[in-house]
Trainee: 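Please read through the structure below; I'll follow up with questions.
What you are looking at is a predicted structure, and each value in this text was computed from that prediction instead of being measured. All chains are named by letter (A, B, ...) in the order of the sequence lines, taking the proteins before the strands, and each is independently numbered beginning at 1.
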Protein chains: 2
Amino acid sequence: MAESDYPKPSVTVDITIFAIKDNDLKVLLIKRSIEPFKNMWAIPGGFVRINESLEQAAKRELEEETGVKDVYLEQLFTFGDVERDPRGRVITVAYFALVNSEKIKLEAKTDVSEAKWFSVSKLPKLAFDHEKILQYALKRLRWKFEYTTVAFSLLPKKFTLTQLQKIYEIVFNKKFDKRNFRKKILSLSLIEKTKEKKKDVSHRPPQLYSFRRKIGDIVEII
Amino acid sequence: MAESDYPKPSVTVDITIFAIKDNDLKVLLIKRSIEPFKNMWAIPGGFVRINESLEQAAKRELEEETGVKDVYLEQLFTFGDVERDPRGRVITVAYFALVNSEKIKLEAKTDVSEAKWFSVSKLPKLAFDHEKILQYALKRLRWKFEYTTVAFSLLPKKFTLTQLQKIYEIVFNKKFDKRNFRKKILSLSLIEKTKEKKKDVSHRPPQLYSFRRKIGDIVEII
DNA sequence: CCAAAAGTGTTAGTGATACACCCATGT
DNA sequence: ACATGGGTGTATCACTAACACTTTTGG
């Protein structure tokens, strides 16, 4: 296992960035300004620098695109088919991120012509093998919502059970029974009542809850 | 996103190869014959060639090490910390494989000084970050046994329920209740009785079952 | 007839689902 | 007073877990 004398592939990271906006699950895409796939939409990404880890590269790209740090970020899969990039051998390590839509200020420093949020139910045709990457990310995202506490990373410190339920309904694109949902969540002992209720609502003021752990802590609940 | 002008990292694949042998879960390790980590044990692996996909690279390495094809192989995770290899920047795409111990003929063409099966409960100190990779592989392997039908890929076409149960007991390193295990397995409708019973056993001859799907078909049973 | 593993059922507890009405506030 | 979402309990069903004895063969 001596150092390789063969030509090396290039390595990129691509990040599927999800957010919940306008009661919908969105994904951030950029419009390519150069060939190949000029003017097509693509998942944001870029080359891994020689002195940064994969996760650092993903975080850097993410911050360049959305201006946010401290979001949920997870490695997804590495795509390395020989023909996946017409320019040559490019292996891409795919990540997915979940950002809090309130914190995003789009296009901080992007060098791309356009960046836009798309509903996952109305996606354009994508460059490279990005359609495959995105579908894979979506599947994993749903898995994470089902079996971990990622959902809480999208909520403010104090939140109502209805806010939480809304997020699940958007991600899974289906309605849940209010009573059963609450029973389930409360039985996990992950959250606790605060002493406050939400004010200035034109109906019965809902109880505010808080997550019992550090924000950003993701726990398996399998 | 033009072609990178920066120095490129090297890309390797490492494969954690599991097998059940001697009523124990084993993993194949090789003894390094050169620096760095000379004489330490390591997970087998090697450089990805410019004209082969990641999975092809993993299969090639696997066959070089064990002589087997057609085994269960799955991508695990990509490890890319800057300092993980003292020789320079090396990103490794980790895979795990599960081979049928009957089919293995060790060291087909390996260029390494020694290859050996280790019980997962008695592992030596490992080179690089391979301890981390191996523990990750083990966790995923158990997950796969719990939620998919990988176990069947280790059995002959016709097998007894006790054989199946043994495999689970070895992988999870714990005993299961015979009646509950059988009830559970049979309720999944994954296997069916054959017309045969196992012969030449010095006790009541057990029923032989067969998997209802193509061999190597892995199904989620979540 | 003895040793060895195969085969088989019941009960209790736990978690999931389906379902409808009253409550507290703002306007 | 009305509109709006908040909040709550019960019954059924499916799945899990604990547990012990009889059966069939070879030697």
Trainee: Report all side-chain donor-acceptor pairs from residues 16-29 of chain B shorter than 3.5 Å, counting only partners two or more places apart or in another chain.
Mentor:
{"unit_1": "Asp24(B)", "atom_1": "OD2", "unit_2": "Ser119(B)", "atom_2": "OG", "d": "2.9"}

Trainee: Give me each pair satisfying salt bridge (Lys or Arg N to Asp or Glu O under 4.0 Å) with a member in residues 119-139 of chain A, each pair once, sequence neighbours excluded.
Mentor: Arg84(A)-Asp129(A)
Trainee: Who pairs with Phe211(B) by ring pair (Phe, Tyr, Trp, His ring centres under 6.0 Å), at least two apart in sequence or on another chain?
Mentor: Phe152(B)
Trainee: Residues in side chain to side chain contact (heavy atoms under 4.5 Å, CB included) with Asp70(B), at least two apart?
Mentor: none
Trainee: Could you state the atom-to-atom distance from CZ of Phe181(B) to P of dT8(C) in whole Å?
Mentor: 15 Å
Trainee: What is the distance, to the nearest angstrom, from the NZ atom on Lys193(B) to the P atom on dA6(C)?
Mentor: 15 Å
Trainee: Rounded to the nearest 0.5 Å, how far does OH of Tyr95(B) lie from CG of Leu62(B)?
Mentor: 12.0 Å
Trainee: Which residue pairs pass the salt bridge (Lys or Arg N to Asp or Glu O under 4.0 Å) test with at least one member in residues 175-186 of chain A, sequence neighbours excluded?
Mentor: Glu169(A)-Lys175(A)
Trainee: What is the separation between atom CG on Leu186(B) and atom P on dA6(C), rounded to the nearest whole Å?
Mentor: 14 Å
Trainee: Between residues 164-175 of chain B and DNA chain D, which residues have a heavy-atom gap below 4.0 Å?
Mentor: none
Trainee: Got Phe79(B) and Asp14(B) here, is their nearest side-chain heavy-atom distance under 4.5 Å?
Mentor: no
Trainee: Could you tell me how far apart Ile185(B) (CD1) and dC15(D) (C1') are, to the nearest whole angstrom?
Mentor: 15 Å
Trainee: Among residues two or more places apart or on two chains, list those pairs meeting salt bridge (Lys or Arg N to Asp or Glu O under 4.0 Å) that have a residue in residues 193-208 of chain A.
Mentor: Lys158(A)-Glu196(A)
Trainee: Pairs in or reaching into residues 142-151 of chain A: which pass side chain to side chain donor-acceptor pair (under 3.5 Å), with residues at least two apart or in two chains?
Mentor: Glu74(A)-Lys144(A)
Trainee: For Gln207(B) and dT25(D), give me the distance from atom CD to atom P, rounded to whole Å.
Mentor: 12 Å
Trainee: Please name all residues satisfying ring pair (Phe, Tyr, Trp, His ring centres under 6.0 Å) with Tyr168(B), sequence neighbours left out, ordered by chain then number.
Mentor: Phe145(B), Phe181(B)
Trainee: Give me each pair satisfying side chain to side chain donor-acceptor pair (under 3.5 Å) with a member in residues 211-222 of chain B, each pair once, sequence neighbours excluded.
Mentor: Glu192(B)-Arg212(B)
Trainee: Enumerate the residues from residues 144-161 of chain A whose closest heavy atom to DNA chain C is under 4.0 Å, giving them by residue number; use none for an empty result.
Mentor: none
Trainee: Would you mind building the protein contact string for nucleotides 18-27 of chain C? One character per nucleotide, 5' to 3', B for base within reach (heavy atoms under 4.0 Å), S for sugar-phosphate only, - for untouched.
Mentor: BBB--BBBS-
